[in-house]
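Right, one structure below, let's go through it.
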Amino acid sequence: MDRAENALLEGLNPPQREAVTYRGPALLIVAGAGSGKTRVLTHRIASLLHSREAYPSQILAITFTNKAAGEMRERVEQIVGENARGMWISTFHSACVRILRREAENFGFTKAFTIYDSGDSRALIKRLVRDHDGDAFGFTPAGVQSRISKLKNELADAESYARQANMSDPAERLFVEIFADYQRGLQKANAFDFDDLIAQTVYLFRAFPKVADVYRRRFRHILVDEYQDTNHAQYALIHELTRPVGAGESDPYSVGGMMIFEPEKDPLLEGASLTVVGDSDQSIYAFRGADIRNISEFERDFPGAKVVLLEQNYRSTQNILSAANAVIGHNFDRKDKKLWTDSGDGEKIVGFTGYSQHDEAQFIADEIERLRKADVDYAEIAVFYRTNSQSRALEEIFIRAAVPYKIMGGTKFYERAEIKDALAYLIAVANPADEMAVRRILNKPRRGIGDVTETAIARYAADQQITFRDALANASALGVGPKIQAAIAHLDAVLVEATEKMLPASGELAPPTAVAEGLQLLLSKSGYLDALRASKDPQDEARVENLDELVAVAREFARNNPDGTVIDFLGEVALVADADDLDDATGSVSLMTMHTAKGLEYDTVFLTGVEEDLIPHRISAGEPGGPQEERRLFYVGVTRARQRLYLTLAMTRAQFGEVSVAMPSRFLQEIPAPLIDWRQSPGDVNSRGGMQSRALNARPGRGGQSGGWGSRGGSNRYGGDLVPKGTSIDKIANRIPAKVRDNGDMELATGDRIRHDDFGEGRVDAVTGEGAKRVAHVRFDDGATKKLLIKIAPITKL
DNA sequence: TTTATAACGCTTTTT
DNA sequence: GCGTTATAAA
């Protein structure tokens with residue numbers, strides 16, 4: 001082992017070293033949270049390159065997000081420099097796009113295929129459900145879409161599904177019909193959806209072993225990150241790629257001259273070596289088909305596989321790890337794994353219960369400001385929540401408290417209407433077969449082309465056996481008014497002009513700037529930008545800026561890919577997720593869902609909304625394995641924190657415009673009590689002498705919910721302190737009562753007089769809502785009116 | 001065809 | 001609470 005080799009191993013613990021240096025057909029690295037897996041992975045790649053066991057071009061490293069891929073490439077480059085070029089470090093999806101582009105002609109697509117994101121495919125499915133009268137059977141586009149997606153992830157197509165489905169059930173027959181039509185629709189549009197990218201690549205490899213062999217011969221070392229999140233199709237793809245080369249020679253498809261590569265006699269070459277890294281405790285994507293068995297049964301799938309366990313954590317304090325271990329330990333049927341650190345206990349976890357989500361948010365804002373004064377950088381603070389909708393309350397308070405923040409992965413840039421419109425213009429140029437894109441831009445901006453005209457175009461196209469796009473060129477033949485004819489002709493002319501710019505018919509290469517310029521041309525000459533500028537809707541100003549940004553993205557793309565065509569650009573754009581542009585959060589607090597948080601780490605983490613029905617989410621309760629997955633999600637959130645972890649919740653939460661009572665999450669009770677320092681525990685909130693609500697004090701007498709629900713302690717007529725007397729604190733971890741304050745079925749009617757612990761006496765003006773959500777509208781004697789949740793407000797009937 | 005209004009219903013996570 | 005969609009009116 002030479003010096004450079006030694007440098008690669010420096011600072012690694014023994015299991016990490018083993019993971020870097022082991023050589024064999026299959027290696028599973030079970031990497032607990034924060035155990036340095038990216039480091040191990042990059043060093044392993046560097047080690048392979050350094051020892052000349054592999055050329056860069058023989059390495060395929062697969063990650064889950066583009067961001068992770070970029071990071072890995074960067075870190076490998078830091079070690080091996082220029083040598084990193086030629087490696088494929090990419091996501092499953094972009095790797096498959098690369099392969100499919102090269103091989104598309106083998107199976108009825110062209111190189112110019114486009115990619116349908118979930119919105120696109122939803123739109124297509126929606127139309128099909130309508131056409132087939134699907135709602136008669138209770139079909140919703142979302143439901144059909146998720147069924148199709150699940151099936152594709154299992155590598156089933158409409159035909160194979162039909163074979164084993166109960167076809168005497170008319171609903172099943174209809175579903176199969178819609179599924180098949182959907183697939184035909186995609187094919188006709190020369191497009192793949194996300195799931196197809198993987199599945200079709202697998203089909204391609206299976207149907208054309210000679211094609212598969214090309215890639216098997218090329219990639220000798222395959223490394224897969226986040227293996228616990230792979231679904232069956234991705235698993236199958238890995239399997240296909242790691243098969244011995246030439247093994248498929250007897251396959252009937254390999255005769256017949258379909259393949260583009262000359263069949264040649266191959267000496268059987270053994271399969272590529274496979275390294276997978278994962279942590280079954282961090283599997284949080286089962287809902288979209290991730291199969292935890294891929295990792296738990298790895299040793300069975302790849303006999304002779306080596307397993308390396310990384311348990312030492314380099315990220316968090318022992319207190320945080322102990323809490324994480326305790327919670328995840330409640331999941332049964334998992335391999336026991338305990339994270340540990342040698343860096344000390346650190347601070348206690350801080351718990352806080354607010355009266356409302358605003359109160360909770362206020363606490364977080366106050367705490368952030370306090371940390372800020374202690375010289376903590378905003379960028380090292382993150383706030384996590386389970387659902388995107390929870391971010392609103394946080395935002396409101398943060399804005400008021402002047403806490404700079406950035407929402408990660410909120411409304412997605414590429415899902416904004418104006419961006420999708422702009423991309424549809426590009427698609428109309430790059431892949432005119434994609435009828436949906438053409439239809440989308442038909443009347444954007446408004447040109448007076450409505451339903452009637454659209455159908456006329458479609459009928460004409462069908463009659464003439466031409467595409468919808470080509471029908472636009474014959475506006476005069478459509479039998480529509482002259483004004484509309486002119487509008488269509490103008491649109492057609494703009495598209496033609498852009499096509500010449502971006503895809504010159506002469507065959508010469510368009511200049512790198514063509515995409516950005518073409519986009520600008522489309523947006524301005526189509527009148528799209530003018531329409532936005534003329535609009536009086538203030539949001540449209542922001543839309544113009546978004547479009548400017550898209551043009552900037554196109555320019556950036558041209559710089560990075562001088563040979564990139566508009567098709568390449570669209571392909572890249574279709575596969576960027578929002579997790580990918582997390583970087584520019586400098587100087588602001590990061591807000592994101594727990595799912596988005598995976599793979600990230602922060603000094604200080606606020607885990608908010610730690611309530612039943614939120615985490616675990618109520619929808620998960622009914623799904624098999626749901627609560628367990630929610631626990632893993634919680635575990636992921638907890639293990640993101642390096643030094644400080646806050647667990648916060650609220651007593652009441654407004655959801656769907658309704659206020660409801662929230663209960664502390666069961667996960668809180670799974671954390672040993674001594675680990676948490678409750679600033680205000682769920683118990684305190686209901687019992688006398690609890691701490692005061694800061695939110696209330698900050699804005700006394702403010703109407704609305706936050707002021708209204710809030711109450712400070714107060715005697716509880718129905719049981720006082722809900723922790724039974726004489727019970728040791730350990731038995732009831734964290735003193736979390738099973739119930740919050742409960743007034744039972746207190747009956748209130750208009751005209752009743754009540755006394756409120758904080759606001760004094762008043763008269764009930766009205767009662768709205770039902771059951772636990774009944775709300776009393778009370779006019780207090782000082783003139784203030786409040787809305788009070790009858791079940792839990794600290795009130796007594798007089 | 002477009003616009004205004006009402007009703008509706010849906011609310012988890014995402015490459 | 002929200003955005004989307006159906007319906008009615010201009």
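For clarity, every value in this text was computed on a predicted model and none was experimentally measured. Per chain, numbering begins at 1; letters A, B, ... match sequence-line order.
- A gap of 23 Å separates the C1' atoms of C:dT5 and B:dT12, to the nearest Å.
- Close to B:dT12, at under 4.0 Å from its OP1 or OP2, lies no side-chain N or O of A:T593.
- Between A:F64 and A:Y285, the ring planes are parallel. Angles under 30° get that label, and only those over 60° would be called perpendicular.
- The ring of A:Y285 does not lie on top of the base of B:dT13; it is either too far (5.5 Å or more) or too tilted (30° or more).
- For A:H93 against B:dT15, a side-chain-to-base donor-acceptor contact under 3.5 Å is present.
- Between B:dT14, B:dT2, C:dC2, one nucleotide has an atom nearer to the side chain of A:R446 than all others, and that is B:dT2.
- The residue among A:I449 and A:A142 whose nearest nucleotide of DNA chain B lies closer to the 5′ end is A:I449.
- Rounded to whole Å, the distance from NE2 on A:H595 to P on B:dT15 is 11 Å.
- Using cut-offs of 30° and 60° on the angle between ring planes, the pair A:F113 and A:F109 is perpendicular.
- The residue among A:S118 and A:I484 whose nearest nucleotide of DNA chain B is located toward the 5' end is A:I484.
- On the C1' atoms, C:dT4 is 22 Å away from B:dT13, given to the nearest whole Å.
- Listed pair A:T453 / B:dT1 meets the phosphate criterion, a side-chain N or O lying under 4.0 Å from OP1 or OP2.
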*Step-by-step ring pair (Phe, Tyr, Trp, His ring centres under 6.0 Å) determination, A:F194 to A:Y116*: CA-CA 7 Å; A:F194 282 143; A:Y116 273 24; over 10 Å; no
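- Counting to the nearest Å, the P atom of B:dT13 and the CZ atom of A:R386 are 7 Å from each other.
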